[in-house]
Student: 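Shown below is the structure under consideration.
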Amino acid sequence: MINLFHFVLILTLIVVVISVAKIKDLLSAVILFAVYNLIMSLLWQQMRAPDVAITEAALGAGVTTVLLVAAISKTGRLEK
Amino acid sequence: MLGVHPGVLVVLVLLISAFISPVLDQFKFKRFSIFAIGVSGIVFALSIITILRVNSLGVEYYHFGGWTPDKGIEFIFGELEALMLLLVSGMFFVVYIYNQKKIRAEISKHLRGWYFTLAFMLQASLSGLILTNDLFNMFVFIEISALTTVALISINENRDTVFASIKYLFLTAVGSSSVLFSIGLIYLLTGYLNMDLAGMELIELAGMYPAASSMAMLFMFFGLAMKSALFPLHIWLPDAYYSAPTISTAIMAGIVGKAYIVVFIKVFYKVLSINFFEQTNLANITVIMAGIAIIFGSLFAIGQTKIKRMLAYSSVAQIGYIFLGIALATESGLTGGILHIINHSIIKTLLFLTVGVIIIYTGAENIIDFQGAGRKYPFTMILFSLSALAMVGIPPLNGFMSKWTIAMGTLEAEKPLYLVIIILSSLLNGVYYLPIIIQSFFGGDEELGYNWEFKRLGFKIILPLITLAALILLIGIFPSYPINYINRIVFSLIS
Amino acid sequence: MIDIVVHPNIYYFASIVLFLIGFYILLTHPNLIKKVIGLNVMDSAIFFFFVAVGFVSDGGSPIVEAGSEALTVNPVPSGLMLTGIVVSVSVTAFALAIIIKVYQHYGTINVEEIYVVRSEREC
C-alpha cells in the first residue's frame, strides 16, 4: 500500500539509471545524472526528510554536476 | 585534567594542530618538523597517561555532551584501545623524528605545511577510529582517514603516484560504501548505533532474522577486508606503497593498515558476535583467504625487482598472518593476531625507514643496486638485517613469538594444515630476504672496508632506527609483559 | 492520495536495485568519469536506504509539540545522511581532480589504454 506518486518516482529512477549506464556521450550522461539526483531529492521530500532533500538538491544536482562538466571539458567528451 | 579523560585530548590536540598548520604556512613558518615533533610528543605523552590509567582504573567511558549511550556518541577507553592508541602515537612520533634533511627534501618545499596538515588529520582520524564506541562515528573517521591517505600518496605528482592514488581512491570508496550499508542494516535490525548495545540486541536477533544479519556481516567483512588489503582485495597495495614518498609509505605500512584491522576485531567480536561469525562459515572462508594470502604474498614477493614492491607484497603476506590469528577465534589465535599487529607494525616501519635511507642517499631503487650498500651504510644495513630476520621469525626476536602463538592457535582449532602453511611461508620469507642481506655486505666489486655513517646521517635519523630495533629485541626477549596484557584483552573479548 | 498495492518493503528493494546498478557501472565501464558516476549512484542508493529505514507510512513530519501523541517519522537516520552526502561530494571532487591529472600524464582516461601505456613503459 504505497502512494502512486512514490511508485512512479521509483520507476523513473531505475529507468534513468539504466540509461546513464548505456549512453556513450559523457555530457548527456552527466545531465541525466543531474535528473537522477533531482528525482532522488523529490523522493526524499515525499518521505518527510526535508533537510536531506535540500542538501541533496544543492550538492547532488548542483555541485556534482558542475564538477563533472568541468572535468569533462578538460578531458574527452566521448567514452570510447 | 580539565575534567576530561586524557584520551579525548588526543583527538582534540591533533585537530587543532591540523588547522593551525596552514595558518603557520601563510606566515612563512620554517620549522615545521620541530612543530610536528612537539605536537606528536604531546600526543604520545597523553597516550602513555591513558594506558597507565587504564591499567590501574579499568575500563572507562566518556560521553560527549552528556548524552546517554543509547542516544549519543561515547568514547571507550579499554585495554585494546589504549594499547593501539599507544602504538599509533608512538609510531607517528618516531616517523616525525626521522623526517630530517634529505628525507624531508623528497616533498617539494611549498607543500610542506600542507603535508603536515594531512598527516595530523590522518593521525586524529586513526586515533578517533580506535577509541570510538559508536558505529556511525567510526564511519566518519574511516572516510577522513581514506581521503587523507590518498592525499598523502599523491603529494608528489608523477605518473606512478597518480595511477596508484586513483586506484586506491576507487577501491577504498567502494569499501566505505559497503561499511555504510552494513551499518544501515544493523540500525534497521537493532535500533541502536552504539556498539555495546547493538551487540547485546544482535545476540538474539541474529537467530530471528538470519538473512538480514548475515547480509550485514558480509558487507562489513567486504568493506573492512578491502581496506585492510586481505587477499584477493589487496590490489591497491603494491602500487600505493611503491610510488608514495618514504615517510608516507612508512606511515601507511605501519599504522594505517593496522587501525582498520583493530576496527575489524572490535566490530566482529563485540557487535556481530563471534558465535554468529563461526556459524555462517564466514570464519572458515576468512581462514582460507588468510592461508592463500600467506603463501601467495611470499610467492609474489620473490619475483620482484624493485625493493619497495617486494616489501609491499611481504606486507600482504603478514596481513594474512594477522587475519589467520583473528579468524581462528581461539585464545591463542587471537593473542597471536593482536601481538602480530604490534610486531609487524614495528618491523615494517623499521624496514621501510632503513630502505628509505638507502634509496634517498644512494638513489638505489632496484634490488640489484643493493650490492655493496652494506659497506657504505653498514649500520643501516645491520638494522635492516635485524628486522628482516625478525620478519622471518627467528628467535629471540619478536616475530618468532607472534608466529609461535598463532601456530598454537591453529593446533587449538584443529586445523593442522595451517601450521604447515606457516612453516612453509617462513621458509619463503627467508628466500627473498636473505639474498639482499648477503649481497649487501659481501657483494659488489669495490674494495672491502666499512664506512660508518653516523656523521653523514646525523643523530636525528639514527635515533628512531635504534629505538625501533631496541623494541624488536625487547619484545622478543621479554615477551611476557605484552602477552599478559593481551591475555586480558582476549579474555574480555571472547568470554 | 491514490494508493496501489505492492509489497511494503519496496523502498528497500529499490535501493538495493539502484546499489547493484551503480556497482555494475563502476565495475564494467572502462572510462574513469563513468566510474565516478557509478560511485555516486551507489552512494545515493545507500542514502535512500537509510532514509527509508526512518520512514513510517502515514507518519507526519517530526515536529513534536509537548504532550501530543501523533505518529511521526524517525528523524535520526536522515540526520546521519547529511554527513554522508557531504562525504560523497568530497570524494567525487577529489577523484575528479586526480582524473584530470591522469589525463595530463597519460593522455587518456580509459583504464585499458592506461594499462597498455604502463606496460609499454616497463619494457
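Everything quoted here is computed from the prediction, not taken from an experiment. Here is the naming used below: chain letters follow the sequence lines, and residue numbers restart at 1 for every chain.
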Student: Side chain, backbone, both or neither: which part of C/Leu18 has a non-hydrogen atom closer than 4.5 Å to chain A?
Tutor: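 The side chain, not the backbone.
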Student: Passes side chain to side chain contact (heavy atoms under 4.5 Å, CB included), C/Met81 versus A/Trp44? Steps please.
Tutor: CA-CA 11 Å; C/Met81 285 307 105; A/Trp44 287 345; over 6 Å; no
Student: Find the distance between NZ (C/Lys101) and NZ (A/Lys74) and round it off to the nearest 0.5 Å.
Tutor: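 One gets 9.0 Å once the value is rounded to the nearest 0.5 Å.
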Student: Among the options C/Val41, C/Ile99, C/Ile25, pick out the one with the most heavy-atom pairs lying under 4.5 Å from chain A.
Tutor: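 The option with the most such pairs is C/Val41.
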Student: Which value, rounded to the nearest 0.5 Å, describes the distance between C/Ile85 atom CD1 and A/Ser41 atom OG?
Tutor: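 If I round to the nearest 0.5 Å, the distance is 9.0 Å.
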Student: Can you list, pair by pair, the side-chain donor-acceptor contacts under 3.5 Å of residues 86-95 of chain C, counting residues two or more places apart and other chains?
Tutor:
{"from": "C/Ser88", "atom 1": "OG", "to": "C/Asn40", "atom 2": "OD1", "distance (Å)": "3.2"}
{"from": "C/Ser90", "atom 1": "OG", "to": "C/Val86", "atom 2": "O", "distance (Å)": "2.9"}
{"from": "C/Thr92", "atom 1": "OG1", "to": "C/Asn40", "atom 2": "OD1", "distance (Å)": "3.2"}
{"from": "C/Thr92", "atom 1": "OG1", "to": "C/Asn40", "atom 2": "ND2", "distance (Å)": "3.2"}
{"from": "C/Thr92", "atom 1": "OG1", "to": "C/Ser88", "atom 2": "O", "distance (Å)": "2.9"}

Student: Kindly give the heavy-atom pair with the smallest separation between A/Leu26 and C/Lys34, and that separation in Å.
Tutor: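 Heavy-atom minimum between the residues: CD2-CG, 4.1 Å.
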Student: Which atoms of A/Leu43 are under 4.5 Å from chain C, going by heavy atoms: the side chain, the backbone, both sets, or neither?
Tutor: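 Side chain of A/Leu43 only, per the 4.5 Å heavy-atom cut-off to chain C.
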Student: Given a strict heavy-atom distance threshold of 4.5 Å, which part of C/Ala97 is in contact with chain A: side chain, backbone, both, or neither?
Tutor: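 C/Ala97 has no heavy atom closer than 4.5 Å to chain A.
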Student: Heavy-atom pairs under 4.5 Å with chain A are the metric here; pick the option from C/Ala14, C/Ser61, C/Ser44 that has the most.
Tutor: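 Maximum pair count with chain A is reached by C/Ser44.
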Student: What part of A/Ile10 gets closer than 4.5 Å to chain C, counting heavy atoms only: side chain, backbone, both or neither?
Tutor: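 Only the side chain of A/Ile10 comes within 4.5 Å of chain C.
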Student: Name the atoms and distances for all side-chain donor-acceptor pairs under 3.5 Å in residues 47-59 of chain A, with sequence neighbours left out.
Tutor:
{"from": "A/Arg48", "atom 1": "NE", "to": "C/Gly59", "atom 2": "O", "distance (Å)": "2.9"}
{"from": "A/Thr55", "atom 1": "OG1", "to": "A/Asp51", "atom 2": "O", "distance (Å)": "2.8"}

Student: Could you check whether any side-chain heavy atom of C/Phe47 comes within less than 4.5 Å of a side-chain heavy atom of A/Met40, counting everything from C-beta outward?
Tutor: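 No, every pair of side-chain atoms sits at 4.5 Å or beyond.
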Student: Rounded to the nearest 0.5 Å, what's the gap from CD1 on A/Ile18 to CD1 on C/Ile21? Could you check?
Tutor: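 Between atom CD1 of A/Ile18 and atom CD1 of C/Ile21 there are 4.5 Å.
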Student: Strictly less than 4.5 Å between heavy atoms, which residues of residues 70-77 of chain C line up against chain A? Please order them by number.
Tutor: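 C/Val73, listed by number.
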Student: Listed by chain and number, what are the side chain to side chain donor-acceptor pair (under 3.5 Å) partners of C/Tyr103, not counting sequence neighbours?
Tutor: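 Testing C/Tyr103 for side chain to side chain donor-acceptor pair (under 3.5 Å), a comparison that skips the adjacent residues, returns none.
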Student: Given that the side chain runs from C-beta out, which part of C/Tyr24 has a heavy atom under 4.5 Å from chain A: side chain, backbone, both or neither?
Tutor: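 For C/Tyr24, there is no contact with chain A at all, as no heavy atom is under 4.5 Å.
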Student: Please classify the contact between C/Phe55 and chain A as side chain, backbone, both or neither, with a heavy-atom cut-off of under 4.5 Å.
Tutor: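 C/Phe55 touches chain A through side-chain heavy atoms alone.
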Student: Identify which part of A/Thr75 has an atom lying under 4.5 Å from any heavy atom of chain C, answering side chain, backbone, both or neither.
Tutor: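 The answer is both parts of A/Thr75.
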